[in-house]
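Everything numeric in this text was worked out from a predicted model, so none of it was measured. Naming: A, B, ... by sequence-line order, numbering from 1 per chain. Because only heavy atoms are used, hydrogens play no part in the values below, and waters and symmetry mates are left out as well, while side chains stay in.
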2 protein chains.
Amino acid sequence: MARKDDHPRPALTVDVVVFTILDSDLKLLLIRRDLEPYRDSWALPGGFVREDEDLMRAAERELTEETSLPREHVFLEQLYTFGAPARDPRERVVSVAHYALVRPELVPLARAASDAAETRWYSVASELPGLELAFDHEQIVELALERIRGKLDYAPIGFELVPRTFTVSELRGVFEAIKGTSYDPANFRRRFRRMLTDKVIEEAPGKRQTGARPATVYRFTAGG
Amino acid sequence: MARKDDHPRPALTVDVVVFTILDSDLKLLLIRRDLEPYRDSWALPGGFVREDEDLMRAAERELTEETSLPREHVFLEQLYTFGAPARDPRERVVSVAHYALVRPELVPLARAASDAAETRWYSVASELPGLELAFDHEQIVELALERIRGKLDYAPIGFELVPRTFTVSELRGVFEAIKGTSYDPANFRRRFRRMLTDKVIEEAPGKRQTGARPATVYRFTAGG
DNA sequence: TCAATAGTGTCTTTCAGACAGTATATA
DNA sequence: TATATACTGTCTGAAAGACACTATTGA
């Protein structure tokens, strides 16, 4: 193995792909860069990892710094590490990408945080396709989308994108927004019923009006 | 964002969890360290990422350097990045972990490569449980195991651990070794038949004797 | 002949997709 | 009253687990 100074030390950053759902549409948080390179381009929130800072902590910090969201209410997970030598034109920067899922009820808080840089939620389906992002961020976003689409069916990540209590329709809306397809309401309800008998979710007090008629409200059981 | 020298630059390594199957048993390649820290402990093959070297390339290089396996015959994928500040007692080292799947027919080549450091295949089921590995390598191995166990059912990674041509029993043996459970031979064969009609695999010439009676030999179709 | 594996078929359960149909709210 | 959504149930087909059964080889 090489001695201490025989190897280069690339700069290390974390980037976070922040998703939410607004108006039944999957959105992604982007920040307009005010520095070169890629000045005025849209980019993912992110920044350098500090000394003695764990990667996940760094991602949390960047997330709260740039969105002012309380960390405990946001789902955050490591995605993939991007280290192509020329992904940053200035110098070598290796980035540990993460993705975050933000409940729609918290989005107003995020909006308020746009004091320094310009911040915007982009629709994944309708606004993102034409957009050129800074660095390799398009690639990172693409992988994050693949990840959440694949994971939605076997991990309870859908619950991270609805309010604490939700109706069957609301959860179905999340699935449809992520997958980009529509689900049969009756069949989706059946999956839902199974989660209910499996105690994954439970009924919550009250009713909510999302359609033509008040619907039963539920909440996610685990870690409630 | 911070200016160029406002952030620390941790050392960057890649580590590779190398799996194979020998005697129907899942094995893991470990190397005995001959330097401090953790001298004489067993550790994952790995090392520093070089200048202008992509992460995947670095993992490939470490793999071939330490096992002398031809890269094109080995499945290699990024696993997770480990960056706890104190994971290396000397200084901060962030490691991008990968995992590799090696066909058993290539293992003799790997054995021959143990010229410099001591290299050994450890049985995951019977030898690993008691063993203390260097750094956080136990944690990395644990995550790699979770990953391949989860991925086995929906991705064609099982084919990476059998010879180019294989019998139904051999493939079942791989599944059993990875999952640590036994599969009903008849039911497994049915899954196999479906892959055959879906053209995922195809019949290969010849027969092979693995049990009491010669069995039909198959090969993986895609990327053959 | 016996033991062991190769290979086939069947019964049952689970779950998804398609879709008919009932119930209850608002406009 | 019309209609949109909430909610229930039924039919069909795909796939997995359990397991009985036949076929073919070596010892």
- chain A reaches DNA chain C, atoms under 4.0 Å from its heavy atoms, from dC15(C) to dT26(C)
- Set of residues satisfying side chain to side chain contact (heavy atoms under 4.5 Å, CB included) with respect to Leu196(B), sequence neighbours excluded: Ile201(B), Tyr218(B)
- Task: Take the protein atom CZ of Phe192(A) and the nucleotide atom P of dA6(D), then report the distance between them rounded to whole Å.
- Result: 12 Å
- For Leu171(A) and dA6(D), give me the distance from atom CG to atom C1', rounded to whole Å. 15 Å
- Between dC7(D) and Thr216(A), is there an OP1 or OP2 to side-chain N/O distance shorter than 4.0 Å? yes
- Task: Would you please name every residue forming a side chain to side chain donor-acceptor pair (under 3.5 Å) with Arg208(A), sequence neighbours left out?
- Result: Thr165(A), Glu170(A)
- Task: Could you tell me whether Glu65(B) and Arg61(B) make a salt bridge, using a distance below 4.0 angstrom between a side-chain N and a carboxylate O?
- Result: yes
- Message: Filter on ring-ring contact (aromatic ring centres under 6.0 Å, His included), then keep only pairs touching residues 138-164 of chain A, sequence neighbours left out; what's left?
- Response: Phe159(A)-Phe166(A), Phe159(A)-Phe220(A)
- Query: If you look at every strand shown and take non-hydrogen atoms under 4.0 Å, does Arg193(A) touch a base, only sugar-phosphate, or nothing?
  - Reply: sugar-phosphate
- Query: When all nucleic acid strands are considered with a 4.0 Å heavy-atom cut-off, which category describes Thr210(A): base, sugar-phosphate, or nothing?
  - Reply: sugar-phosphate
- Which residues pass the side chain to side chain donor-acceptor pair (under 3.5 Å) test with Tyr99(B), sequence neighbours left out? Glu77(B)
- Nucleotide by nucleotide, nucleotides 10-20 of chain D touches protein heavy atoms under 4.0 Å in the pattern (B base, S sugar-phosphate only, - none) B----SBBBB-
- The reported gap from CD1 in Ile148(A) to CZ in Phe19(A) (rounded to nearest 0.5 angstrom) is 4.0 Å
- Item | Partners meeting side chain to side chain donor-acceptor pair (under 3.5 Å) with Thr13(A) (sequence neighbours left out) | Ser95(A)
- Query: Roughly how many Å is it from CG in Leu196(A) to C1' in dA6(D), rounded to a whole number?
  - Reply: 15 Å
- salt bridge (charged side-chain N to carboxylate O under 4.0 Å, His left out): pairs with one or both residues in residues 189-199 of chain A, sequence neighbours excluded: Asp153(A)-Arg191(A)
- Task: Sequence neighbours left out, what pairs pass salt bridge (charged side-chain N to carboxylate O under 4.0 Å, His left out) with at least one residue falling in residues 140-149 of chain A?
- Result: none
Between protein and nucleic acid, restricted to nucleotides 25-27 of chain D and to nitrogen or oxygen atoms under 3.5 Å apart, what atom pairs and distances do you find?
from	atom 1	to	atom 2	distance (Å)
dT25(D)	O2	Ala212(B)	O	3.1

- Item | Residue pairs, two or more places apart or on separate chains, that pass ring-ring contact (aromatic ring centres under 6.0 Å, His included) and touch residues 124-148 of chain B | Tyr38(B)-Phe135(B), Phe135(B)-His137(B)
- Item | Residue list, side chain to side chain donor-acceptor pair (under 3.5 Å) with Arg213(A), at least two apart or on another chain | none
